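Read the structure below first, then the notes.
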Amino acid sequence: MSEIIKAPRGTRDILPAESWKWEYVINTAAEVMKDFGFAQIMLPMFEHTELFSRGVGETTDIVEKEMYTFTDRGDRSITLRPEATAGVMRAALENNLCAQGAFAKLWSWGAMFRYERPQKGRYRQFYQIDAECLGIENPEADVEIIDLSIELFRRLGLKNLEVVINSVGCENCRKIYRDKLYEYFSAHKSELCESCLARLERNPLRILDCKNPECGKIADGAPDIYDSLDDDCREHFEKVRAGLERLGFKYRIDKRLVRGLDYYTKTAYEILSGDLGAQNAVAGGGRYDNLANAVGSSVKIPGVGFACGLDRVVLVMEEQACSFGKIPEPEIYVVADDEESRKHAQILTHKLRNAGVHVECDISGRSFKNQIRNASGCKLACIVKDGKFEIRSKDDSGVGIVSKILEREREKFVDIKNVLAQKSTGFVDKALEILEHERDHVTNIKNVLEKKRAGDYSDGIVKLDNLDEAFDYLSANL
RNA sequence: GUGAGUGUAGCGCAAUUGGUUAGAGCUUCGGAUUGUGGUUCCGGCGGUUGAGGGUUCAAGUCCCUUCACUCACCCCA
């Protein structure tokens, strides 16, 4: 027991009980992406370390302490991707997807890796759905990306979401703002928490993000980023806002929203869920106009995109009891009695599956009885016995045996008559007991008869003499 | 990296102030029963109580170490 090797910390197996839900989410995402004109791109899960250290930013937490980095046999420094955007950009540059003013709308999904302490909604190997629009500076691209992410959640049926946006300005604005913040916070050094003191030197914007209430108070009085935005950035932000309003989206502006990755410029946004734990961001994204240059491009390739945490989406959907479509379960269960019947059952199952039907047939050697027990969940059961095929439909259950039950009832009434006639001790109770006991059967008959009145005259049991007939019947009656 | 909580059958749980052979339920498998179809009954499988050490006549229970999980900080999706 204790010797079994376990999955590494922060990783997990998405088991059959869960995986069908994931499939639904990914399929839904694929549909939304198609409707928005985004094409799928599949990327390596590891890249040269430099891509992330330069793209994401040397001073970010991701690069400083969260990357899975190793040296391969060729002495190259390799890193398991901690996020998707840098890789998408790399692929676009390498394959000239944005050459000569062309633009690309790309989406992808897959595993990301970050070395962090796991907790609710956070894993070391986690999954993201990711969409990027490369080569467009126009704010309408920002709006489309935000629209896309909201539409994805709308289709998945998520409730209780909040869209939060901000502008972090371009490189120039940010430099100016950064200096202002540095000046401001330097004057309050003694009141800042330990980590904020470190942030002051490296990235004062992060202090705005601090959840420490003391730091929060000081941050409240900090200079406003909007006073540092130049005309272009301000106009861009206004246009994004106007676009969102045009589409009827509600959003909140949060001046403290600072994305943790250095490449963001201008638009930054997050979609938060109230039904997650402390890790309440279900998606996040924004614009990154100088990522391309950071990873070595000589031409400027602007971009906007977002990433959505799949693990968290599934978590929230479960929390909110959202639909994941249909649970995959067999439409037909083929039950076999003896060795000879098992052979027929096997062939019939094979033929039905050839025809694209989800069929189950026992392969473990279960008893006839247990096979039937298992079949009871299916819409149709085909029982193979003595070379004959008997098909029973779940919906019509019991229809074929009405007469048998009625006969039984008649016997019961005779019993009651006898009991009453004897007038022994407690005879009334005994008679009532018999009637009570049979009440279920009576309502069963009632249901069956009502079905018949509704026009359903099949008796629920179809007897067929050979395999081909059984196949034809089953194919036609799904 | 820091803090708190939890580890007992495949799953979710129980076991008196430390006291006999660690128990039922669900699942699974087999049998009986019926209207051969979600019923009911009987039975089988299933455990080094996360691991290691200590205290004790005696440890699932107390102490230490370690590992894992969970939640939170940090940060993010």
Side-chain angles (χ1 to χ4, degrees), chain A residues 1-10 12 15 17 56 60-66 82-85 109 111-130 149 193-196 198-199 203 206 209-212 257-261 270-273 276-285 305-316 333 335 337 364-378 380-381 383 385 390 392-409 437-438 440-441 444-445 448 460-461:
Chain A
M1 271 284 272
S2 59
E3 284 173 21
I4 292 176
I5 297 171
K6 295 183 198 153
R9 170 163 241 200
R12 58 186 182 145
L15 302 171
V56 175
T60 58
D61 275 17
I62 290 179
V63 171
E64 271 182 350
K65 51 186 195 189
E66 294 174 3
E83 59 96 47
T85 308
W109 78 271
M112 308 294 155
F113 306 86
R114 287 182 205 172
Y115 190 92
E116 295 178 282
R117 265 308 253 287
Q119 69 186 75
K120 186 170 189 176
R122 189 165 77 180
Y123 308 93
R124 289 186 174 176
Q125 175 173 331
F126 60 102
Y127 298 83
Q128 287 187 340
I129 295 170
D130 184 77
S149 55
C193 73
E194 207 172 308
S195 48
C196 279
R199 290 184 184 124
N203 193 351
R206 290 282 188 74
D209 224 12
C210 186
K211 280 165 192 158
N212 184 319
L257 175 64
V258 178
R259 320 279 7 267
L261 287 65
E270 270 182 6
I271 298 182
L272 310 178
S273 166
L276 224 38
Q279 310 304 319
N280 61 352
V282 79
F306 82 95
C308 150
L310 246 175
D311 308 75
R312 291 180 187 179
V313 168
V314 173
L315 218 56
V316 173
Y333 201 110
V335 175
D337 191 16
S364 69
R366 279 201 175 94
S367 69
F368 180 67
K369 180 173 199 83
N370 258 30
Q371 288 181 54
I372 285 189
R373 274 186 185 161
N374 273 292
S376 67
C378 282
L380 289 174
I383 296 159
K385 203 173 180 182
E390 195 176 296
R392 293 164 188 236
S393 120
K394 191 186 176 190
D395 299 335
D396 298 330
S397 107
V399 179
I401 48 183
V402 169
S403 57
K404 277 189 195 171
I405 298 173
L406 286 173
E407 258 168 47
R408 230 163 208 280
E409 293 305 307
H437 186 255
E438 292 303 312
D440 288 350
H441 292 165
N444 195 8
I445 296 172
V448 167
I461 299 175

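All chains are named by letter (A, B, ...) in the order of the sequence lines, taking the proteins before the strands, and each is independently numbered beginning at 1. Worth saying up front: this structure is predicted, and the values here are computed from it rather than measured.
- The gap from the C1' atom of A77(B) to that of C11(B) amounts to 30 Å, rounded to the nearest Å.
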>> Output one letter per nucleotide in nucleotides 25-32 of chain B: B when a protein non-hydrogen atom lies under 4.0 Å from the base, S when only the sugar-phosphate is that close, - when neither is.
In response: ----SSSB

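- For the pair Glu270(A) (side chain) and Leu272(A) (backbone), a donor-acceptor distance under 3.5 Å is absent.
- Within the 4.0 angstrom heavy-atom criterion, no nucleotide atom of any strand lies near Ala375(A).
- With hydrogens and angles disregarded, a donor-acceptor distance shorter than 3.5 Å links the side chain of Arg312(A) to the backbone of Gly121(A).
- When all heavy atoms are compared, the tightest approach of Gly10(A) to Tyr123(A) is O-CB, 3.2 Å.
- Atom CG of Asp130(A) is separated from atom P of A77(B) by 10 Å (rounded to the nearest Å).
- The side-chain heavy atoms of Arg9(A) and Arg117(A), taken from C-beta on, include a pair separated by under 4.5 Å.
- In this entry the distance linking CZ of Arg312(A) with P of A77(B) reads 8 Å, nearest Å.
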> Where do Tyr115(A) and Arg124(A) land on the side-chain contact (heavy atoms from CB on, under 4.5 Å) test, with the steps shown first?
Replying inline: CA-CA 5 Å; Tyr115(A) 190 92; Arg124(A) 289 186 174 176; 3.3 Å; yes

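- When all heavy atoms are compared, the tightest approach of Ala281(A) to Leu276(A) is O-CD2, 4.4 Å.
- The P atoms of G53(B) and U70(B) are separated by 28 Å, rounded to the nearest whole Å.
- Straight-line distance between the C1' atoms of G38(B) and U27(B): roughly 15 Å, to the nearest whole Å.
- Note on Tyr127(A): nothing from the nucleic acid sits closer than 4.0 angstrom, heavy atoms only.
- The shortest non-hydrogen separation linking Gln128(A) to Ala307(A) is OE1-CB, 3.6 Å.
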Show me the protein contacts with nucleotides 68-70 of chain B, counting only N or O atoms at under 3.5 Å.
{"residue": "C69(B)", "atom": "OP2", "partner": "Arg9(A)", "partner atom": "NE", "Å": "2.8"}

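- Nearer to the 5' terminus of RNA chain B, by closest-nucleotide assignment, is the contact made by Arg122(A) (compared with the other of Gly284(A) and Arg122(A)).
- G12(B) and U21(B): their C1' atoms are spaced 25 Å apart (whole Å).
- Lys65(A) has its NZ atom 11 Å from the C1' atom of C73(B), to the nearest Å.
- Regarding Gln279(A), its CD atom lies at a distance of 9 Å from the P atom of C74(B), rounded to whole Å.
- The minimum heavy-atom distance between Gln371(A) and Val335(A), with the atom names listed, is OE1-CA, 3.5 Å.
- No engagement by Gly285(A) is indicated, since no non-hydrogen atom pair under 4.0 Å with the nucleic acid exists.
- Distance noted for atom P between A51(B) and A22(B): 15 Å (whole Å).
- As rounded to whole Å, 13 Å separates atom P of C76(B) from atom CG of Leu272(A).
- Going from the C1' atom of A15(B) to that of G47(B) covers 15 Å, rounded to whole Å.
- Nucleic acid contact for Glu116(A): base, since at least one base atom lies under 4.0 Å from a heavy atom of the residue.
- For Ile62(A) and G1(B), the CD1 to P distance is 19 Å, given to the nearest whole Å.
- To the nearest 0.5 Å, the span separating CD on Glu66(A) from CD on Glu116(A) amounts to 4.0 Å.
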> Starting at the 5' end of RNA chain B, what dot-bracket string do you get if Watson-Crick and G-U pairs under 3.5 Å are bracketed, crossing pairs use [ ], other-strand pairs use | and unpaired bases use dots?
Replying inline: (((((((..((.(.....[...).)).(((((.......))))).....(((((..]....))))))))))))....

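- Between the CG atom of Asp311(A) and the P atom of A77(B) there is a distance of 13 Å, given to the nearest Å.
- At whole-Å resolution of the value, CG in Asp61(A) and C1' in C73(B) are 13 Å apart.
- Map Lys385(A) and Val282(A) each onto its nearest nucleotide of RNA chain B; the residue landing nearer the 5' end is Lys385(A).
- At a threshold of 4.5 Å between non-hydrogen side-chain atoms, the residues Arg12(A) and Gln125(A) do not count as touching.
- Panel note: side chain Asp311(A), backbone Tyr127(A); a donor-acceptor pair is recorded below 3.5 Å.
- Separating the C1' atom of A68(B) from that of U28(B) is a span of 27 Å, rounded to the nearest Å.
- In this structure, the separation between OG on Ser367(A) and CG on Asp337(A) is 10.5 Å, given to the nearest 0.5 Å.
- Across the P atoms, U56(B) and U16(B) are found 23 Å apart, a figure rounded to whole Å.
- When all heavy atoms are compared, the tightest approach of Pro82(A) to Phe126(A) is O-CZ, 3.9 Å.
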